[in-house]
Amino acid sequence: MPKSKFVDFKAVKAAITMEQVLEHYGLLDKFKRSGDSLSGSCPIHKGSNPTQFSVSVSKNAWNCFSECKHGGNTLDFIAEMEDVSILAAANKAIEWFHLDPEAVYGDSEPEAEETGEETKNADTTRPKPVATPAPVQESGAPNKPLQFRLDKLQREHPYLAERGLTLETLVDFGVGFCAKGMMADRIAIPIRNVEGAVVAYAGRWPGEPAEDTPKYKLPQGFRKSLELFNLDRAVKEPSDKPLVLVEGFFGCMTLHQHGCRKVVALMGSTMSATQEELIRKYTNAQSQVIVMLDEDDAGRAGREDIAVRLARFVFVKVHAFAEEGHQPEQLSAEEVAQVCGGVQ
Ligand SMILES: [Zn+2]
């Protein structure tokens, strides 16, 4: 991988079709065609039910209604089939389909034009008024997709059971206990960018850490203020569903487990300018956002600020918990259905 080149995922996706990708795997003939859709058994989890996997030919999208319980675009499909990152999948597609390097490689990583001020205050400054739908930019380069994946994560861990997460949710989010390496002895949580590429792993200490041990470990250089956890999947949910905004990974995963799938986590109790822009980009004037931060001082301060900022372009509802200290994880499935159902 030449370091100075970056892959333009959009260009790669625009250059290939799901039919081509299926053909590459020798699967195209095995699928049943009906109008715009192709269906068959899922080649990712290697299922046997012939209706569980379907492809929209015109949208170049796929979905597995069975074990995988998700879908995606051409690159997501290659990434799943090869068990690699989106970046690696894109590089494979470039190679397999002989895509034009001019079209799919950018010249260089966008360099930081300015440093200092803006970055430093990114989490607290009010965003500048945006005259045109500007691209998401804080100064500095975006988080780069990782070139590796942590595998052999242990899904069965007392801490994860204690947090009430089911095996299905853990598999779905790719979360598990990491025995060795960078995130050794921690619960590794993959953080993906909106394209679905893993840009970092967050390592949660399983339990209350000792004083000198941080609760969360993030890779050096990774800037969480540039991402919204689970945004890549939330954006695939229907636009008329409200977007739920929570603080942490576990709140996000819990709501998701209870059926509230259009949920993202700020990874803190403040919203950065970039996170605000991401929300703006993937919502419209009819969109609804439910702000559900933890019921503590930081959460209350954060939600006031966030509500004011988001209310300029979406409908906002602030969810307050009745009890001090409560957070999304304390909601039952019924309560989640009620709260996340919509904004009145
Ligand atoms: Zn599947």
Side-chain angles (χ1 to χ4, degrees), residues 9 12-13 16-90 92-93 96-97 145-146 148-156 160 165-176 188-198 229-238 241 252-263:
F9 293 134
V12 176
K13 282 186 283 185
I16 60 175
T17 66
M18 260 322 281
E19 282 180 295
Q20 279 180 307
V21 175
L22 293 173
E23 175 76 37
H24 171 84
Y25 285 105
L27 291 166
L28 195 53
D29 295 337
K30 297 195 174 127
F31 283 84
K32 216 176 111 202
R33 194 179 289 265
S34 150
D36 180 50
S37 73
L38 294 163
S39 59
S41 52
C42 176
I44 295 166
H45 79 268
K46 302 195 172 56
S48 55
N49 179 339
T51 58
Q52 66 194 181
F53 186 85
S54 92
V55 170
S56 161
V57 174
S58 61
K59 290 188 181 135
N60 290 304
W62 57 276
N63 216 315
C64 169
F65 303 101
S66 182
E67 226 160 284
C68 306
K69 281 207 177 53
H70 69 275
N73 56 44
T74 46
L75 293 184
D76 298 321
F77 183 80
I78 296 171
E80 291 286 353
M81 289 294 283
E82 304 291 325
D83 197 22
V84 296
S85 68
I86 297 290
L87 176 64
K92 282 180 191 293
W96 294 344
F97 304 108
L146 298 181
F148 66 92
R149 278 199 189 179
L150 294 178
D151 47 15
K152 308 215 167 57
L153 295 176
Q154 297 160 23
R155 314 285 183 203
E156 279 175 34
L160 293 168
L165 297 175
T166 62
L167 178 62
E168 198 188 333
T169 301
L170 298 172
V171 170
D172 195 19
F173 280 89
V175 170
I189 305 166
I191 301 170
R192 295 166 193 276
N193 63 18
V194 71
E195 305 278 354
V198 176
F229 178 67
N230 198 45
L231 181 64
D232 59 315
R233 301 197 299 174
V235 296
K236 292 177 188 146
E237 294 294 315
K241 269 205 217 168
C252 183
M253 291 191 279
T254 303
L255 291 191
H256 197 272
Q257 182 169 299
H258 288 329
C260 169
R261 302 197 161 228
K262 198 166 173 181
V263 55

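This is a predicted model, so every value here is computed, not measured. Position 1 is the first residue of the sequence; numbering continues from there. Ligands are counted one by one from 1 in listed order, and the atoms in each one are counted from 1 as well.
- With hydrogens and angles disregarded, no donor-acceptor distance shorter than 3.5 Å links the side chain of Trp62 to the backbone of Ser56.
- Residues Leu75 and Ala90 come closest through the heavy atom pair CD2-CA, 3.8 Å.
- Between the side chains of Asn60 and Thr74, no donor N or O sits under 3.5 Å from an acceptor N or O.
- Minimum heavy-atom separation, Lys236 to Asp76: NZ-OD2, 3.8 Å.
- Counting only protein N, O or S atoms, the number found under 2.8 Å from the Zn ion (ligand 1) is 4.
- The only member of Lys69, Arg155, Arg233 that meets salt bridge (Lys or Arg N to Asp or Glu O under 4.0 Å) when paired with Asp172 is Arg233.
- Between the side chain of Glu67 and the backbone N or O of Gly47, no donor-acceptor pair lies under 3.5 Å.
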